[in-house]
Amino acid sequence: MLNEWFPNVIWENIWLATKETLYMSGIALLATFILGILLGLLLFLTSKGQMWENKFINVIISAVVNIFRSIPFIILIILLIPFTIIVVGSMLGANAALPALIIGAAPFYARMVEIGLREVDKGVIEAARSMGAKTSTIIFKVLLPESMPALVSGITVTAIALIGYTAMAGAIGAGGLGDLAYKEGFQRNRNDVTMLATILILLIVFIIQFIGDFITSKLDKR
């Protein structure tokens, strides 16, 4: 029956493209989570009234974050081609998409981390500081645990954005379902291939959203 609905689909190519999309999204998401947490913490801790208050550093980090999260992703890929070739050795393939995916998503998530940290009750932070808690203790015992629902919700939104980014990266040869939909579907006028690739991307997004919502609801103590 599937062959009747999707007569032009080569299932091996679909499976390969799906694995490439999951690979790009997974690696980029892990790096984005780590970098986003670090950048978000720096934005929060160096802001006015916080433990590492430093206006100069805060302005610099904030400017870098704002610049990179404001550049349209397809333009960012093009701008990063020289850097990607240096790091990866090629501008084609799943690995070549990773620098742009990470650089595009990490600043986006960093702002969400900063917002999540600002929602933490100031009284809890002040109580920890008054008891002589070290900065590292406040970060790992107060800030991150208290903001975890917001952090998980933010990384869920970021993961879904990354799926969309991988589809755009496919348009310039990064592989994945976006590449398949464009080259095998659009360019060869095979609408069934494009439709199936779209369905699979939507399915991945729905699964990510479900998992993210489930974890957030378990972590939210309110």
Side-chain angles (χ1 to χ4, degrees), residues 20-47 50-54 56-89 91 93-120 135-136 138-169 174 176 204-205 208 211-212 215-216 219:
E20 288 175 339
T21 293
L22 293 175
Y23 168 77
M24 288 187 287
S25 302
I27 298 296
L29 187 64
L30 178 61
T32 294
F33 181 75
I34 295 171
L35 289 174
I37 292 287
L38 293 175
L39 286 171
L41 279 169
L42 283 173
L43 283 169
F44 176 76
L45 293 172
T46 59
S47 61
Q50 299 304 327
M51 290 167 283
W52 294 348
E53 182 179 344
N54 189 310
F56 176 76
I57 293 177
N58 186 265
V59 168
I60 294 297
I61 297 173
S62 183
V64 170
V65 166
N66 287 339
I67 289 170
F68 280 100
R69 78 189 184 109
S70 300
I71 300 174
F73 183 70
I74 194 69
I75 297 176
L76 182 64
I77 295 176
I78 296 169
L79 291 175
L80 290 175
I81 285 176
F83 174 74
T84 300
I85 292 174
I86 292 172
V87 173
V88 181
M91 61 172 286
N95 286 328
L98 293 177
L101 289 172
I102 295 167
I103 293 173
F108 176 78
Y109 182 54
R111 281 299 183 191
M112 292 191 172
V113 172
E114 182 191 17
I115 292 170
L117 294 172
R118 290 190 181 282
E119 292 177 354
V120 176
T135 302
S136 59
I138 294 174
I139 291 172
F140 292 105
K141 298 292 185 180
V142 179
L143 288 174
L144 293 180
E146 289 294 323
S147 63
M148 194 54 67
L151 299 185
V152 173
S153 179
I155 201 63
T156 301
V157 173
T158 305
I160 292 171
L162 275 170
I163 298 297
Y165 289 169
T166 64
M168 283 188 279
I204 293 170
V205 167
I208 291 172
I211 294 173
I215 296 174
T216 302
L219 292 172

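Computed over heavy atoms, backbone and side chain alike; hydrogens, waters and symmetry mates excluded. Throughout, residue positions are numbered sequentially from 1 according to the sequence presented.
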| field | Spacing of CD1 belonging to Ile57 relative to OG belonging to Ser47, to within rounding of 0.5 Å | value | 12.5 Å
| query | Which residues pass the side chain to side chain donor-acceptor pair (under 3.5 Å) test with Asn54, sequence neighbours left out? | reply | none
| request: Determine whether Glu20 and Tyr23 make a side-chain contact, defined as any pair of heavy atoms from C-beta on separated by less than 4.5 Å. | output: no
Between side-chain atoms of residues 98-113 and protein atoms elsewhere (two or more places apart, or another chain), which donor-acceptor pairs fall under 3.5 Å?
{"unit_1": "Tyr109", "atom_1": "OH", "unit_2": "Leu151", "atom_2": "O", "d": "3.0"}
{"unit_1": "Arg111", "atom_1": "NE", "unit_2": "Asn66", "atom_2": "OD1", "d": "3.4"}
{"unit_1": "Arg111", "atom_1": "NH1", "unit_2": "Glu114", "atom_2": "OE1", "d": "2.7"}
{"unit_1": "Arg111", "atom_1": "NH2", "unit_2": "Ser62", "atom_2": "OG", "d": "2.5"}
{"unit_1": "Arg111", "atom_1": "NH2", "unit_2": "Asn66", "atom_2": "OD1", "d": "3.0"}

| Which residues pass the ring pair (Phe, Tyr, Trp, His ring centres under 6.0 Å) test with Phe44, sequence neighbours left out? | none
| remark: Closest non-hydrogen contact found for Ala97 with Met24 is CB-SD, 3.7 Å
| field | Residue pair Gly116 / Ala150: nearest heavy atoms and the distance that separates them | value | CA-CB, 3.8 Å
| request: Apply side chain to side chain contact (heavy atoms under 4.5 Å, CB included) to the pair Trp52 and Thr135, showing each step before the final yes or no. | output: CA-CA 9 Å; Trp52 294 348; Thr135 302; 3.6 Å; yes
| request: Heavy atoms only: give me the nearest Leu43-Thr46 pair and the separation to one decimal. | output: O-OG1, 3.7 Å
| Option among Thr21, Ile27, Leu22 that satisfies the side-chain contact (heavy atoms from CB on, under 4.5 Å) test with Ser25 | Thr21
| remark: Interatomic distance, CG@Leu80 vs CD1@Ile86, rounded to 0.5 Å, equals 11.0 Å
| Is a donor on one side and an acceptor on the other found under 3.5 Å between the side chain of Thr166 and the backbone of Ile163? | yes
| field | Minimum side-chain heavy-atom gap Leu45-Ile139 below 4.5 Å | value | yes
| note | CD1 (Ile77) and CE (Met168) are apart, to the nearest 0.5 Å, by 7.0 Å
| message | As an exercise, state the distance from CZ of Phe140 to CG of Leu41, rounded to the nearest 0.5 Å. | response | 7.5 Å
| Under the side chain to side chain contact (heavy atoms under 4.5 Å, CB included) criterion, do Thr158 and Thr32 qualify, and how do the steps go? | CA-CA 9 Å; Thr158 305; Thr32 294; 3.8 Å; yes
| said: To check you understand the geometry: which heavy-atom pair defines the closest contact between Val152 and Thr156, and what is its length? | reply: O-OG1, 2.8 Å
| query | Within the distance-only criterion (no hydrogens, no angle test), does the side chain of Ser153 pair as donor or acceptor with the backbone N or O of Pro149 below 3.5 angstrom? | reply | no
| request: Could you grab the distance from atom OG of Ser147 to atom CG of Leu219, nearest 0.5 Å is fine? | output: 10.5 Å
| request: Nearest 0.5 Å please: distance from the CD1 atom of Ile208 over to the CD1 atom of Ile155. | output: 10.5 Å
